[in-house]
Amino acid sequence: MSAEALPLARNLERFPELHPPLDAQAALVEANRCLYCYDAPCAAACPTHIDVPRFIKKIASGNLRGSALTILDANILGLSCSRVCPVDVLCEGSCVLHRYNQKPIEIGLLQRHAMDAFYAKSPFLAAGPRPEAPARVACIGGGPASLACAAELRRHGYAVTVFDDRPLPGGLNTYGVAEYKLRPSDSLREVELVRSLGVEFRQAEVGAAVSLDSLDQNFDFIFVGVGLGAMERLGIPGEDRPEVVDALRFIAHYKTSHETHVGRIVVVIGGGNTAIDAANAARRLGAEEVHVFYRRTEKEMPAFPFEYEHAKVEGVQFHWLAQPVEILDRAVKFSATRLAAPDASGRRKAEALPGSEFAFVCDMVIPAVGQGRLMKLLAKSRGIGLDNGLIAVDRPTGRTAHAKYYAGGDCVNGGREVVDAVADGKRAALAMVRRLEISRA
Ligand code: SF4
């Protein structure tokens, strides 16, 4: 599938956008409601610290390109973040207008207005200075964390190569975010913007076509932004049956292929945002019934509340306190669970209840239970510490236990938002820049 062919016409119909954009007049009215707060809490709530009052003020004065540049200065993925950010718990959730019982400023839609205007005209940014120092950085993975890291490094004049094994870069933004939130074509426009800064992209699998040893030899630093990779296996009998399709592959397939098979009765296993995306997609692709099973309760479910509410509107049904024990022919066998006392991390474990097994009839099973594989190679060969299967880093810098390796995004935080990955990538890039500058001084 080529980039030009995306999004698929069928998906434009089946997955209409959740929130239509503001027109020019509505954007002006909304921008003029903003109080342009000093020490704006909306900007503090943004993980990438976009100067929200500044970009809104530029919209109010008709300077849409200037507004977009303010956004891109802090967040190179300002377009995708304007569509997928959970604004009600971030910037809009912090807007001071809440205190006056007024509707918060629609920051997400205003950001989108500025970014759409930027990309509608041939988008360009001033390229970073030519690499003057011999320092080179490799980014493994082509998703939001790596793109943000690469863009920041280029803006400081360092040479960056992004390695990604998929045909199209962009990671989850291209392949994994539900179509009604973010079209792959928009993700690819952001990739092109990063490329225009002078970042090199190579389609190659690190650990296979390109060895870690060759990266170590040819690059000064290596940033790991590999996401969660393929979903973790459930580790139960029957999961190799053909009717079992992992959630990330299912979502990537319908976004880039003309025909995606979906069952009549679909069971999705997991309680995160990816589980919800897969469940909604299954409904839109024609499944008569979609059932999400989660081993804890509604209260512990990691998906955002608005995603959960949206899925219920789509007709997705939820089942709590149940974990799969076997995939059968046209059914999943579950065991009921109960919640144990919280562990040291404050998380309550789900314990199977003996003798509580039951079978649930279905003809397709979509596991969506996170965690990746490539990290194991890094842990084994580079001594990079893992914490619950995720890469352990020094949070303020993103530095791993190996001084040459940094990491960020889902492979560190376990699967948060695009904006968190962007913040991680940027933070790691700045930490590398500091070290490079100190070593050159
Ligand atoms: Fe505008 Fe609300 Fe941010 Fe204040 S908190 S600058 S009113 S968006």
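Order of listing sets the numbers, starting from 1, for every ligand and every atom in it. What you see is a predicted model, and the numbers here were worked out from it, not measured in a lab. If you read the sequence from its start, that first residue is 1, and numbering goes on from there.
Judged purely by distance below 3.5 Å, without hydrogens or angles, the side chains of Thr70 and Asp51 never pair a donor atom with an acceptor atom. For the 3.5 Å distance criterion, the side chains of Gln111 and Ser82 fail to qualify, holding no donor opposite an acceptor. Judged purely by distance below 3.5 Å, without hydrogens or angles, the side chains of Asp277 and Thr274 never pair a donor atom with an acceptor atom. Side chains of Glu300 and Thr297: a donor on one and an acceptor on the other come within 3.5 Å.
Looking only at heavy atoms of the protein, atom 1 (Fe) of ligand 1 is closest to Cys34 SG, 2.3 Å. What sits closest to atom 7 (S) of ligand 1 on the protein, heavy atoms only, is Leu35 N, 3.4 Å. Closest to atom 2 (Fe) of ligand 1 among all protein heavy atoms lies Cys95 SG, 2.4 Å.
Against a heavy-atom cut-off of under 4.0 Å, Cys37 is close to the following atoms of ligand 1: 4 (Fe), 5 (S), 6 (S), 7 (S). Applying the 4.0 Å criterion to heavy atoms of Val96 picks out, from ligand 1, the atoms 2 (Fe), 4 (Fe), 5 (S), 7 (S). Those atoms of ligand 1 with a heavy atom of Ile105 less than 4.0 angstrom away are 2 (Fe), 8 (S).
Among the atoms of Cys42, none of the N, O or S atoms falls under 2.8 Å from atom 1 (Fe) of ligand 1.
Ring centroids of Phe221 and Tyr406 are separated by less than 6.0 Å, placing the two rings close together.
Figure legend: cation-pi geometry between Arg382 and Tyr405 absent, as NZ or CZ is not positioned both under 6.0 Å from the six-membered ring centre and within 45° of its axis.
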